[in-house]
Visitor: 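First the structure, then my questions, so here it is.
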Amino acid sequence: MEQEIRKQRTDKELELKQREEDEKNKNDTMMRSQLASCLGQLNPPFNFATVDNGVFRSGFPGSANFSFLDRLKLRSIVWVNRWISTVFFETTYVYFIIFGLVFRYLCPEPYPEANKLFMESSGIRLFHFGMEGCKEEFANIPDDKIREALKVVLDVRNHPLLIHCKRGKHRTGCVVGCMRKLQRWCLSSVFDVYQKFAAKKARDSDQKLIELFDTLS
């Protein structure tokens, strides 16, 4: 009889313990679900970071990032990207002939419609600077485009501002690197930041662009 009573008590204790564990697991699941929901609503773009007061950088933002960007209260977006043909998207150039001479024309890549709608609804202004990549060691350095972009970036009337390219590595890294030179950063620190975002994709040509950028002209 006494053994049966002990067994019943043990069974009840085990049942109570199981209920407590089930309730705890249920609460944990609900908390994880709520946290995932919040994080999903505030999902930063790839390679997002703060550059300076009112200046941010990232890769190309998509619709999943709009809620996060909305929290930044952006006034401007600086988009630095490659130039492509508006006729043949598999090539970078449009060729045409005048008086037997062949000319090459670079056209800006169109901004996605969803991004345009987000910017219009948020009152964000887009500044677009087309730049060829600097994959080759002696590639043509788009010094004038860098300067045009920096004029926009350094104008506090355009802040808060986001600089982005496709992956937030090369063109964005060049613009930010040249900005740091204007801010009198030492070159080793400028390169450290560039390499942090470019990682294994770091290009010597990009760093050469930054090194040769003339801050006095």
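Along the sequence shown, the residues carry numbers beginning at 1.
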Visitor: Taking the ring centre of each residue, are Tyr111 and Trp79 less than 6.0 Å apart?
Guide: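 That pair passes the under 6.0 Å test.
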Visitor: Residues two or more places apart in sequence or in another chain: which of them pass side chain to side chain contact (heavy atoms under 4.5 Å, CB included) with Val193?
Guide: Arg57, Trp185, Phe197
Visitor: Does Ser76 use its side chain to pair, donor to acceptor, with the backbone of Asn158 at less than 3.5 Å?
Guide: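 Such a contact is found between Ser76 side chain and Asn158 backbone.
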Visitor: Between Ile124 and Leu74, what is the shortest heavy-atom contact and its length?
Guide: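 That closest heavy-atom pairing would be CG1-O, 3.3 Å.
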Visitor: Quick one: do Asn81 and His128 satisfy side chain to side chain donor-acceptor pair (under 3.5 Å)? Show the steps, please.
Guide: CA-CA 8 Å; Asn81 77 315; His128 182 195; 2.5 Å; yes
Visitor: Under the side chain to side chain donor-acceptor pair (under 3.5 Å) definition, can you give me all pairs with a residue in residues 188-202, not counting sequence neighbours?
Guide: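 For residues 188-202, and leaving out neighbouring residues, the side chain to side chain donor-acceptor pair (under 3.5 Å) pairs sorted by first residue read Tyr194-Asp206, Gln195-Gln207.
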Visitor: Compare every heavy atom of Phe56 with every heavy atom of Pro160, then report the nearest pair and how far apart it is.
Guide: CB-CE1, 4.1 Å
Visitor: What are the two closest non-hydrogen atoms of Arg180 and Val51, and how far apart are they?
Guide: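 Scanning both residues completely, I find the closest heavy atoms to be NH2-O, 2.5 Å.
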Visitor: Where is the tightest heavy-atom contact between Asn43 and Ala64, given as atom of each residue plus distance?
Guide: CB-O, 3.6 Å
Visitor: Kindly say whether Ser58 contributes a backbone atom to a donor-acceptor pair with the side chain of Asn47 at under 3.5 angstrom?
Guide: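 No, because the side chain of Asn47 does not come within donor-acceptor range (under 3.5 Å) of the backbone of Ser58.
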Visitor: Within 45° of the axis and under 6.0 Å from the centre of the six-membered ring of Phe60, does NZ or CZ of Arg167 qualify?
Guide: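 Judged by the rule, Arg167 and Phe60 form no cation-pi pair.
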Visitor: Taking Asn115 for its side chain and Pro61 for its backbone only, find out whether a donor-acceptor pair lies under 3.5 Å.
Guide: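 Yes.
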Visitor: Nearest 0.5 Å please: distance from the CG atom of Leu154 over to the CZ atom of Arg157.
Guide: 12.0 Å
Visitor: For Asp214, enumerate each residue passing the side chain to side chain contact (heavy atoms under 4.5 Å, CB included) test, keeping only those at least two apart in sequence or located in another chain.
Guide: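 Arg147, Leu216, Ser217.
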Visitor: Under 3.5 Å, is there a donor-acceptor pair between the side chain of Lys181 and the main chain of Phe213?
Guide: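 The answer is yes, because a donor-acceptor pair under 3.5 Å joins these two groups.
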